[in-house]
Amino acid sequence: MRRRPGIGGLQNAAAARDQFRALGDNVAKLRTDLMKEQLSTFRSQLEDFARKHKNDIRKNPAFRSQFHEMCAKVGVDPLASNKGFWAELLGIGDFYYELGVQIVDICLATRPLNGGLINLEELCKLLRQRRKTAREAVSEDDCLRAISKLKVLGSGFEVISVGKRKLVRSVPTELNKDHNEILELAQVQGFVTVEEVERRLTWSSGRAIDALDSLLDEGLAMIDDGHRDGKRRYWFPCVSSISSFVGTDTL
Amino acid sequence: MAGNILPKAELTTSGRPVLHPGEVESSLLSSVDLLPEQEHNPAAAASFPHLKSGLLILTNHRLLWLPESATATASPVAIPLAAVAHISSSSKKSIKTMFASPRVRFRVSTTPQGRVDPGGSQSVPVMLVLRGKSTDPDSFLGRFFEAWRGRAWEAPGGSGSGASTSGPGDGLRAPVVGVAGILRKEQEMWESTDKSLQDAFQDLNALMSKAKEMVMLAEKMRLKLLSGSNNQTGAANDEEMGSKEEMQDWLLSVGIVSPVTKESAGALYHQQLSRQSIVLISLLQKEVLSEFKEDMIAQLEITEIGLLSYFLGIELADFVKIPIERAGGMINLIDIYCVFNRARGTELISPDDLLQACILWEKLDVPVMLRKFDSGVMVIQNKSHSDDEVFARIKSLVLKPDALRSGVSASDAAMTLGIAPAMAKEHLLTAESKGMLLDVSPDGFRFYINLFQEIDLHDVY
């Protein structure tokens, strides 16, 4: 509607607005009905699916993983809320929310050892040990999904990739690029020396020591001065396997 | 050498197996022996390797055996499930089997020369001895069957054995001798499972197309609502607002990830609830007025899901009182997530649910609140919690003689204040940002009183 100048124009604009508004109301109502109908259809389709395949999702990690991938591609999050249809009808919510609780527990229990950074593989292993009596198998994919949900609670839960490994962070400490490079280097033997860092990454001595010291402070590294060559080694429990031999029997 | 008979399994530099596209792990067992069965075919058995005490990984494509210790002479191997000719179901139990480690027996197809080959004309009986303490042989056997029947390696994108798309089990089954009745029943069971898996994928696809339709419809509605709320004001807004709330519920039910649902619950249920409304909602929660539920929902101008959200908000506010006290006045959101869900047992809440419930507290008259620190850490605290009081205590701590010399760390503060170290750290950082404390130590985690604050610039001399 073209606006015309003058009082007449104003009145016309007002009339036009009213007309649009009335139309808008009707259209809004109409679409709401349409939405309700669509929702009800979707719900019954999901009910059917659940009746037939709820068990498959529970028992089969491969199928479960495929299910999640497809949800993500389509743009739905079956784990967003326990009030959603997915949780209500498929019942997978509880599985992941409980997994989240167990993951937090394990991260907390291992924090004194690894400073809040744990290897995903090890986390899964400890989870499986803990869930010995549970009937459902837990895959690494399941862990990753549970952790991605935990992120929203703001305590720094995150999965970071260092080299070929995935590490789960449970403290809000930031790892800068230097830290990451040292962790990657440490993956080979589980430890590094200052010289090694300087040599392999071509850093100055100051830079290497700074980075190593801050990793020490965060609790991510442990010092080992017991070697004959007198060189100090910095061990990283999160990328080495020493943590699997120490103290995990208590979990 | 093992390498000639069994295909090698590729490992990453960190010792994990390299999985093929579409390959997913299904089971992991430690301390497993992989051996040929001597009794049947000594010649073939002789060339088959004896792999002792390794890590067995079952995927939907292969059976992988990895040496458990780095010094073992054996190398990692993989048996493609496509080459598995037959799997024995649990055999008879006897006194002998009760005390021995559980065994899983299956046959692997090989060429006449002894190489493992899915199309091989001969087969070798193989045995897995499950020595690990925590193994459940029946569960593993079940998954072995499932993976074998699932034939996931034949799917497009999966590394494959032959192009045969014949029905499950065709042509690979060796003639069965023995406890035929039980065997057949078990195989039929797994056969029906396999069919249902095929059905499952088909149904999954259909479901996802419907979900996709919903997502697109939601997007159309969202755009419409957005443009609608820009043009109109006043009375028309109530109509819009009504459908906006319904829209929110709609999105939540389907689980659609959208910027609208990510906004706070404050926007979702837009008005501050009156005292009266809150009382009514509590009564509904206690099922006192349940026969009037529909009317009340309409009267309160909320939706069914909205009501559930308020229930959670109220329940949570009650629940957190004790944990907050135990934690010294302030508790991490993630800790509440764990404590609350553990107490619940079933019908757990999601992390998003928890966050939304805390945000909803703004609309309710509850004595607790959500607080977010700069670091991103979120806590729940009593509204009456006073930062100033905490700062006063920190200040007195930091003015003590040893603290003047060597500063105060998060753990010192934690012990004195009776709160968690993570919380103590947040308080120290906040005090620092207010200028009350200084942090000049090289490692960055010891705090000192900021004497510069005491110096009056106009009175320097």
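In what follows, every chain begins at residue 1, and chains take the letters A, B, ... in the order their sequences are listed.
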Next on the checklist: Need one label for D335(B): side chain, backbone, both or neither, based on atoms under 4.5 Å from any heavy atom in chain A.
Outcome noted: neither

Next on the checklist: Which atoms of V377(B) are under 4.5 Å from chain A, going by heavy atoms: the side chain, the backbone, both sets, or neither?
Outcome noted: both

Checklist entry - What's the spacing between L312(B) CG and N82(A) CG if we round to 0.5 Å? => result 7.5 Å

Checklist entry - Checking heavy atoms, do the side chain of L354(B), its backbone, both or neither come under 4.5 Å from chain A? => result side chain

Next on the checklist: Please report the interatomic distance OG(S44(A)) to NZ(K210(B)), rounded to the nearest 0.5 Å.
Outcome noted: 8.5 Å

Checklist entry - Do S350(B) side-chain atoms and A80(A) backbone N/O form a donor-acceptor pair below 3.5 Å? => result yes

Item to check | Sub-6.0 Å ring centroid separation between F63(A) and F201(B) | outcome: yes

Checklist entry - Side chains of S81(A) and D353(B): is there a donor and an acceptor less than 3.5 Å apart? => result yes

Checklist entry - Does L204(B) reach the side chain of H53(A), with side-chain heavy atoms less than 4.5 Å apart? => result no

Next on the checklist: Within this structure, what is the NZ-OG distance for the pair K59(A) and S26(B), rounded to the nearest 0.5 Å?
Outcome noted: 12.5 Å

Next on the checklist: When you measure from the side chain of D94(A) to the backbone of L348(B), do you find a donor-acceptor pair of N or O atoms at a distance under 3.5 Å?
Outcome noted: yes

Item to check | Heavy-atom check, side chain of D105(A) versus side chain of R342(B), under 4.5 Å | outcome: yes

Item to check | From OG (S253(B)) to CG (L89(A)), nearest 0.5 Å | outcome: 10.0 Å

Next on the checklist: Side chains of N341(B) and E98(A), heavy atoms from C-beta outward: is any pair under 4.5 Å?
Outcome noted: no

Next on the checklist: With chain A as the partner, which of M208(B), E23(B), K212(B), R344(B) has the greatest number of non-hydrogen pairs under 4.5 Å?
Outcome noted: M208(B)

Checklist entry - So which part of A218(B) gets closer than 4.5 Å to some heavy atom of chain A, the side chain, the backbone, both or neither? => result neither

Item to check | Region of N60(B) that comes under 4.5 Å of a non-hydrogen atom in chain A | outcome: side chain

Item to check | Pairs of heavy atoms under 4.5 Å with chain B: top-ranked of P78(A), A62(A), G163(A), G75(A) | outcome: G75(A)

Item to check | Under 4.5 Å from a heavy atom of chain B, the part of R128(A) involved | outcome: side chain

Item to check | M214(B), part contacting chain A, at a heavy-atom distance under 4.5 Å | outcome: side chain

Checklist outcome for this item: From the list P61(A), S139(A), A87(A), C71(A), the residue making the most non-hydrogen contacts under 4.5 Å with chain B is C71(A)

Checklist entry - Going by heavy atoms in the side chains, are L153(A) and M378(B) under 4.5 Å from each other? => result no

Checklist outcome for this item: Interatomic distance, CD@Q129(A) vs OG@S30(B), rounded to 0.5 Å, equals 8.5 Å

Next on the checklist: Shorter than 4.5 Å, heavy atoms on both sides: which option in L333(B), I334(B), L355(B), V24(B) has the most such pairs with chain A?
Outcome noted: I334(B)

Checklist entry - What part of L79(A) is in contact with chain B, defined as an atom under 4.5 angstrom from a non-hydrogen atom: side chain, backbone, both or neither? => result backbone

Item to check | Side chain / backbone / both / neither for T346(B) at chain A, heavy atoms under 4.5 Å | outcome: both

Item to check | Student check: side-chain heavy atoms of S309(B) and K83(A) closer than 4.5 Å | outcome: yes

